[in-house]
Amino acid sequence: MSYDHKSIEKKWQDKWDKEELYKTDDLSKKPKYYCLDMFPYPSGAGLHVGHPEGYTATDIVSRYKRMNGFEVLHPMGWDAFGLPAENYAIKTGVPPEKSTRDNIKTFKRQIKSLGLSYDWSREFATCDLDYYKWTQWFFLLFYKKGLAYRKEAKVNWCESCKTVLANEQVIDDHCERCNNQVVQKNLKQWFFKTTAYADRLVDDLEKIDFPEKLKLMQKNWIGRKEWIDITYPLKDLDREIVVSTTRPDTNFGATFVVIAPENELLNAQDDFVPKEQREEVDAYINEALKKTELERVSEGRKKSGVFTGRYAVNKLNNTKLPIYVADFVLNTVGTGMVVGVPGHDMRDFEFAKACDLPIKRVVVGPDGDTTDITDAHQVQEDAGTMINSDFLDGLEISVAISKMMDYLEEKGWGKRTIRYHLRDWLISRQRYWGTPIPIVYCDECGELPLSTDELPVVLPTDVDFKPTGESPLKGSKTFHEVTCPKCGKSGEGVKRESDTLDTFVCSSWYFFRYLDSKNEQEFCSKEKIQKWMPVDLYVGGAEHAVGHLIYSRFFTKVLYDEGLCGVDEPFKRLINQGLIMAEDGRKMSKSLGNVINPDEVVYEYGADTMRMYEMFMGPLEDSKPWDTKGIMGIKRFLDKVWGIAEKKDLEDNESEKSLEKVLIKTIKKVTEDIESLSLNTAISAMMIFLNAFQKSEAADKKSFETFLLILSPFAPHLTEEIWEKLGHKNSIFKESWPQYNEALLVEDQMEIPIQINGKVRGTIMVASDSTEEDIIALAKEVKNVQKFIEGKEIKKTIYVEGRLLNFVVI
RNA sequence: GGGAGUGUGGCGGAAUGGUAUACGCGUUGGACUUAAAAUCCAAUGGUCUUAUGACCUUGAGGGUUCGAGUCCCUCCACUCCCACCA
């Protein structure tokens with residue numbers, strides 16, 4: 001018996017809206033629960049089936065928490081600035097503002113069709129003027145605290161499109177749009193000093209409930225390690241160089257030093273490179289700098305380099321190390337120089353082979369090999385015993401590392417330092433569709449921040465989106481009408497910053513704005529922060545592991561230090577939902593034509609079926625393939641529920657004992673499963689109950705109503721409709737979550753499997769209060785058991801209370 | 001190259017070290033129907049067996065344990081993240 005999902009779902013969505021059923025009360029005395037989804041980027045493609053997965057999970061938790069007496073904050077908004085809208089504008093001429101607003105409309109309609117219990121009164125988009133005003137305010141806060149600064153950095157540049165490219169627009173070193181080769185260009189750019197918080201970002205991971213996998217990703221990304229800066233005197237020049245390493249243990253095996261082509265030591269003004277080598281070195285550097293990082297890596301790891309003409313002295317053994325310049329060394333790592341130990345580092349080995357440099361063994365091979373290293377397979381990197389290394393001989397590598405560090409520090413030749421893989425966050429973009437940066441440049445006074453009462457800096461509309469090679473805001477006439485905050489001059493010589501902010505800046509604080517989205521005086525009032533932070537549950541994709549989730553933590557820590565927020569971690573618990581794959585097991589993509597449109601599923605089967613199907617597919621965190629046939633299983637389940645409500649013979653009689661037990665088990669299982677977000681097994685449990693209910697001779701109204709309550713967070717429309725049909729005046733969501741009495745689960749009989757040597761040979765039914773002796777005696781009478789113990793010695797008997805009995809025989 | 005994870009029926013998946021395959025899909029048979037769909041009932045890991053039952057089975061191989069899908073070791077396959085990071 002199929003129910004009319006279209007009219008039922010529409011009816012309740014309208015009613016919930018009208019009655020503002022999900023509006024959150026800031027003044028409520030109930031305990032708070034902040035349940036948050038990662039807000040979507042409203043793309044032109046519309047909602048994807050991946051979105052409802054996370055949204056349904058948080059919706060179930062929100063409804064469940066409300067029924068458990070919590071005041072729940074469950075908001076939604078739009079991550080609205082970004083590149084796709086700008087690209088669309090370049091292609092079609094439609095302004096980003098227009099296409100973005102249209103997309104938001106579509107997204108909102110689609111999300112609403114799923115019956116999600118958001119408090120829409122708090123909605124905002126990051127491109128709203130009164131949102132990005134506060135994003136600018138955050139920039140000024142960071143600037144004031146010395147956490148925002150400007151320096152030269154490389155950008156990807158496409159000569160034919162005359163534009164800067166984001167990393168994701170560079171495909172295999174070529175421009176996504178025109179396929180032209182991408183080059184690197186230096187520009188002055190803005191940074192946030194995330195590195196200042198590196199330690200706390202690592203250490204505080206212990207305080208929060210994130211997936212271990214994600215914590216590890218963040219740890220590795222921040223990459224805190226102990227290094228040692230070693231000083232090397234130069235030969236024939238009264239100077240020293242500092243080379244940093246995490247592996248000083250192999251330093252007796254050093255045969256050369258390599259320096260990155262970008263390194264400033266190699267500048268023409270510096271006397272580091274002797275005259276006779278100048279030409280050759282410059283030629284090499286020019287070639288190297290033309291290549292992008294990607295190109296440098298992708299050349300099959302072929303090594304090249306030239307001798308600089310200079311030598312460093314290894315004080316450990318007074319050997320001369322020739323200094324080379326080579327592009328496999330990265331200037332951003334350590335001090336931009338590497339000591340080459342070709343015997344025990346693959347890259348150094350390849351380089352030594354390429355430049356015909358000597359190779360020295362200082363670690364014994366795994367098979368006791370102590371011969372000369374001539375072949376790549378002999379190169380050993382991270383384990384083994386030291387040899388040819390003076391005081392380190394015989395030590396394991398791990399021990400040798402700290403011993404060598406101690407020695408170098410004692411001698412005053414080196415100094416331990418903590419270094420990080422994390423770099424400062426490059427936040428400026430040479431783009432139009434983003435938050436303008438509130439900085440003014442004056443010919444007289446230089447770089448100046450605006451004061452906060454001059455905000456917002458409004459994004460102008462008199463802009464040509466077609467790329468010209470410069471930030472689009474540069475060409476606006478109105479935008480640069482500004483007076484210098486210091487000398488008051490205006491006109492020529494006073495200009496605004498024309499870069500915009502990375503959209504990740506906008507999304508680093510949006511979870512604060514929901515708390516107080518209409519506040520015109522502050523980004524959020526202190527009382528509201530005090531009341532609602534931290535977010536109790538945050539659900540979203542794993543792709544934000546080392547981006548958004550680090551930036552948001554960084555922002556919150558800055559606010560904490562500024563005394564504006566009482567907690568220094570924004571998210572108490574985080575869950576990553578897995579990808580939903582296409583039916584063919586591949587990723588859904590437009591080009592493969594295997595995309596499932598949620599609108600069609602909702603239209604055909606209803607929102608409740610769609611919601612429950614996505615929850616039933618498998619564990620929330622796993623990636624799993626879509627199966628259109630599988631939807632029918634859920635559809636049948638909901639139709640059955642409807643069918644029961646339609647039947648007139650639902651009586652107020654006493655429920656059967658056995659059915660009552662199944663119900664208690666179901667409440668317990670669903671309650672625990674929602675808490676742990678194991679929603680697939682919660683649904684199985686409800687199916688088991690429904691099967692039992694249908695089979696039961698005395699299926700009663702009371703049990704059915706209790707079942708509706710636990711089903712309601714999953715299938716809100718259907719349960720609400722049935723609730724009303726059964727004569728209730730108030731919304732089912734105003735009811736309390738059912739409690740269960742576990743004591744009623746105690747059975748007077750229990751089934752005990754009998755094992756012989758761990759193999760089940762029979763089962764017995766015994767009274768629940770039977771003693772071990774009783775059970776053993778009964779077990780020995782089972783025919784099949786006797787067959788296996790006859791004529792054998794029972795060596796040992798194991799009884800696990802209420803679980804099983806095992807005879808060990810020989 | 002580094003790090004993390006995953007391997008269970010035809011498929012998605014379930015199992016605090018204690019009766020592996022719950023729940024759903026699919027398939028097969030049956031009921032209802034002139035017929036089909038829908039619905040309902042039954043069966044459904046494999047091999048052997050008349051039945052009772054026996055043997056095998058959680059990627060492969062070993063180990064610990066009275067007992068292993070679960071813990072340990074070796075190997076194989078796949079997935080994700082990072083990556084010339086010194």
Side-chain angles (χ1 to χ4, degrees), chain A residues 1-2 211-217 219-221 223 225 227 243-248 250 258 260 293 296-303 326-330 332-341 344-348 350-351 381-382 419-421 542-543 545-546 576 578-579 583 585 612-613 616-619 621-634 636-637 639-640 643 678 680-691 694 751-763 783-784 787 794-809:
Chain A
M1 200 183 311
S2 194
E212 281 309 313
K213 181 184 154 161
L214 192 140
K215 286 190 186 182
L216 198 69
M217 267 162 85
K219 247 182 225 172
N220 290 341
W221 183 254
K225 271 194 214 154
W227 294 55
V243 183
S244 198
T245 182
T246 58
R247 292 292 307 278
T250 54
V258 196
E293 298 246 343
R296 273 160 73 168
V297 175
S298 66
E299 277 177 355
R301 298 170 72 98
K302 243 183 240 146
K303 298 291 181 288
D327 64 6
F328 78 91
V329 176
L330 304 175
T332 49
V333 177
T335 56
M337 290 176 248
V338 174
V339 172
V341 183
H344 307 287
D345 181 288
M346 196 48 81
R347 294 155 302 181
D348 295 351
E350 288 160 357
F351 186 72
E381 310 209 33
D382 38 53
R419 286 180 190 275
Y420 305 87
H421 172 241
E543 67 273 20
V546 294
N576 289 128
L579 272 186
E583 302 214 59
M612 283 192 84
Y613 172 63
F616 187 60
M617 289 171 80
E621 309 204 52
D622 290 4
S623 83
K624 51 234 164 221
W626 186 268
D627 177 17
T628 299
K629 284 204 205 106
I631 298 174
M632 281 315 296
I634 295 291
R636 279 179 201 134
F637 169 75
D639 281 344
K640 274 185 219 169
S678 312
N680 54 330
T681 50
I683 294 172
S684 315
M686 290 190 280
M687 287 173 166
I688 291 170
F689 171 81
L690 194 72
N691 291 341
Q694 284 198 306
E751 193 192 37
I752 300 289
I754 316 298
Q755 298 186 337
I756 317 286
N757 291 342
K759 274 196 158 77
V760 179
R761 297 300 178 183
T763 58
K783 226 165 89 190
N784 201 42
K787 206 165 91 188
I794 296 180
K795 227 178 88 185
K796 205 167 164 186
T797 304
I798 293 137
Y799 175 61
V800 184
E801 179 91 48
R803 295 304 297 251
L804 67 92
L805 179 70
N806 187 17
F807 293 119
V808 184
V809 302

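Below, read A as the first sequence line, B as the second, and so on, with proteins coming before strands; counting in each chain starts at 1. Because only heavy atoms are used, hydrogens play no part in the values below, and waters and symmetry mates are left out as well, while side chains stay in.
- Remark: B:U65 base-pairs with no nucleotide in the shown strands. Criterion, Watson-Crick or G-U wobble with two distances under 3.5 Å.
- Residue A:I683 holds its CD1 atom at 12.5 Å from CD1 of A:I688, rounded to the nearest 0.5 Å.
- Per the geometry, CD1 belonging to A:I754 stands 13 Å off C1' belonging to B:G18, to the nearest Å.
- When each of B:A86, B:U19, B:C23 is scored by its nearest atom to the side-chain atoms of A:I688, the top-ranked nucleotide is B:C23.
- The distance from atom CD of A:Q755 to atom C1' of B:G17 is 12 Å, rounded to the nearest whole Å.
- Residues satisfying the salt bridge (Lys or Arg N to Asp or Glu O under 4.0 Å) criterion with A:R247, sequence neighbours excluded, are A:D249.
- A:R636 has a side-chain polar atom (N or O) that falls below the 4.0 Å cut-off from OP1 or OP2 of B:G26.
- For the side chain to side chain donor-acceptor pair (under 3.5 Å) test, residues two or more places apart in sequence or in another chain that qualify with A:Y420 are A:D199.
- The side chain to side chain donor-acceptor pair (under 3.5 Å) search around A:K213 returns none, not counting sequence neighbours.
- The salt bridge (Lys or Arg N to Asp or Glu O under 4.0 Å) check on A:E801 picks up nothing, with sequence neighbours excluded.
- The side chain to side chain donor-acceptor pair (under 3.5 Å) search around A:K624 returns A:E53, not counting sequence neighbours.
- For the atom pair A:K303 NZ and A:D327 CG, the distance stands at 9.0 Å (nearest 0.5 Å).
- Rounded to whole Å, the distance from CG on A:N576 to P on B:C80 is 15 Å.
- Among the atoms of the strands shown, base atoms are found under 4.0 Å from some heavy atom of A:N806.
- Counting distance only, with no hydrogens placed and no angle test, the side-chain atoms of A:K213 and the base atoms of B:C80 include no donor-acceptor pair under 3.5 Å.
- The heavy-atom pair separating A:L804 from A:Q755 by the smallest distance is CD1-OE1, 3.8 Å.
- Within 4.0 Å of A:V808, counting heavy atoms only, lie sugar-phosphate atoms of the nucleic acid but no base atom.
- When heavy atoms are screened at a 4.0 angstrom cut-off, A:E212 is found touching no nucleic acid atom at all.
- In this structure, CG of A:L690 is placed 18 Å from P of B:A22, rounded to the nearest angstrom.
- Look at the P atom in both B:A22 and B:A14: the space between them is 13 Å, to the nearest Å.
- Considering only residues two or more places apart in sequence or on other chains, A:N680 meets the side chain to side chain donor-acceptor pair (under 3.5 Å) condition with none of them.
- For A:W626, the ring pair (Phe, Tyr, Trp, His ring centres under 6.0 Å) partners two or more places apart in sequence, or in a different chain, are A:Y613.
- The glycosidic torsion of B:G67 lies more than 90° away from 0, which places this base in the anti conformation.
- In the set B:U19, B:A22, B:G3, B:G3 carries the atom at the smallest distance from any side-chain atom of A:N220.
- Among all heavy-atom pairs drawn from A:G334 and A:W227, the shortest one is CA-CZ3, 4.0 Å.
- Judged by distance alone, with hydrogens and angles left aside, the side-chain atoms of A:E583 form a donor-acceptor pair with the main-chain N or O of A:T628 at under 3.5 Å.
- Contact record, A:V258 with A:A326: CG1-CB, 3.3 Å, taken as the closest heavy-atom pair.
- In this structure, B:A31 and B:U39 make a Watson-Crick or G-U wobble pair, each of the two defining distances being under 3.5 angstrom.
- If you check residues 794-801 of chain A against RNA chain B, the residues with a heavy atom closer than 4.0 Å are A:K796, A:I798, A:V800, listed by number.
- When Watson-Crick and G-U wobble pairs are counted only if both distances are under 3.5 Å, B:U58 pairs with no nucleotide at all.
- A search for ring pair (Phe, Tyr, Trp, His ring centres under 6.0 Å) contacts involving A:F351 returns A:F256, A:Y324, A:F328, not counting sequence neighbours.
- Looking at heavy-atom distances under 4.0 Å, A:L804 makes contact with a base.
- With both ends at atom C1', the span from B:C78 to B:U8 equals 16 Å, rounded to whole Å.
- Residue contacts for A:R803: at a heavy-atom cut-off of 4.0 Å it reaches a base atom on one of the strands shown.
- Under the Watson-Crick or G-U wobble criterion, with both distances below 3.5 Å, B:C80 is paired with B:G3.
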Polar atoms only, N or O, under 3.5 Å: list the protein pairs with nucleotides 41-44 of chain B and their distances.
none

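- The separation between A:N757 atom CG and B:C66 atom P is 11 Å, rounded to whole Å.
- Separating the C1' atom of B:G17 from that of B:C71 is a span of 8 Å, rounded to the nearest Å.
- Remark on RNA chain B: of its neighbouring residues A:K225 and A:K629, the 5'-side contact belongs to A:K629, judged by nearest-heavy-atom nucleotide.
- Nucleotides B:U44 and B:C11 place their C1' atoms 14 Å apart, quoted to the nearest Å.
- Between A:R347 and B:C85, a side-chain N or O to OP1/OP2 separation shorter than 4.0 Å is present.
- Taking atom C1' in both B:G67 and B:C80, the straight-line distance is 35 Å, to the nearest Å.
- Summarising the geometry, atom NZ belonging to A:K787 is positioned 11.0 Å from atom CD1 belonging to A:I756; distances are rounded to the nearest 0.5 Å.
- We find that NE2 of A:H421 is positioned 15 Å from P of B:G3, with the value rounded to whole Å.
- Atom pair A:E621:CD and B:U6:C1' shows a separation of 14 Å (rounding to whole Å applied).
- Of all nucleotides present, only B:G26 satisfies the Watson-Crick or G-U wobble test against B:U44, with each distance under 3.5 Å.
- In this structure, A:I752 CD1 and A:L805 CG are separated by 8.0 Å, a value rounded to the nearest 0.5 Å.
- Residue A:K219 places no side-chain N or O under 4.0 Å from the OP1 or OP2 atom of B:G3.
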> What string of B, S and - do you get for nucleotides 46-59 of chain B 5' to 3' if you count protein non-hydrogen atoms under 4.0 Å?
Replying inline: -------SSSS---
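- Taking atom P on both B:C81 and B:U74, the two are 27 Å apart, rounded to the nearest angstrom.
- A distance of about 13 Å separates the P atoms of B:U28 and B:A38, rounded to the whole Å.
- Looking only at side-chain heavy atoms (C-beta outward), A:W221 and A:H421 come within less than 4.5 Å of each other.
- Between B:C73 and B:U64, the two C1' atoms lie 11 Å apart (nearest whole Å).
- With hydrogens and angles disregarded, no donor-acceptor distance shorter than 3.5 Å links the side chain of A:N220 to the backbone of A:G223.
- Here the C1' atom of nucleotide B:C23 and the CD1 atom of A:I683 are 10 Å apart, to the nearest Å.
- When both pairing distances are held under 3.5 Å, B:C85 makes no Watson-Crick or G-U pair with any nucleotide shown.
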What pairs of nitrogen or oxygen atoms, one from the protein and one from nucleotides 11-15 of chain B, lie under 3.5 Å apart?
from  : atom 1 : to     : atom 2 : distance (Å)
B:G12 : O2'    : A:M617 : O      : 2.7
B:A14 : OP1    : A:N680 : ND2    : 3.0

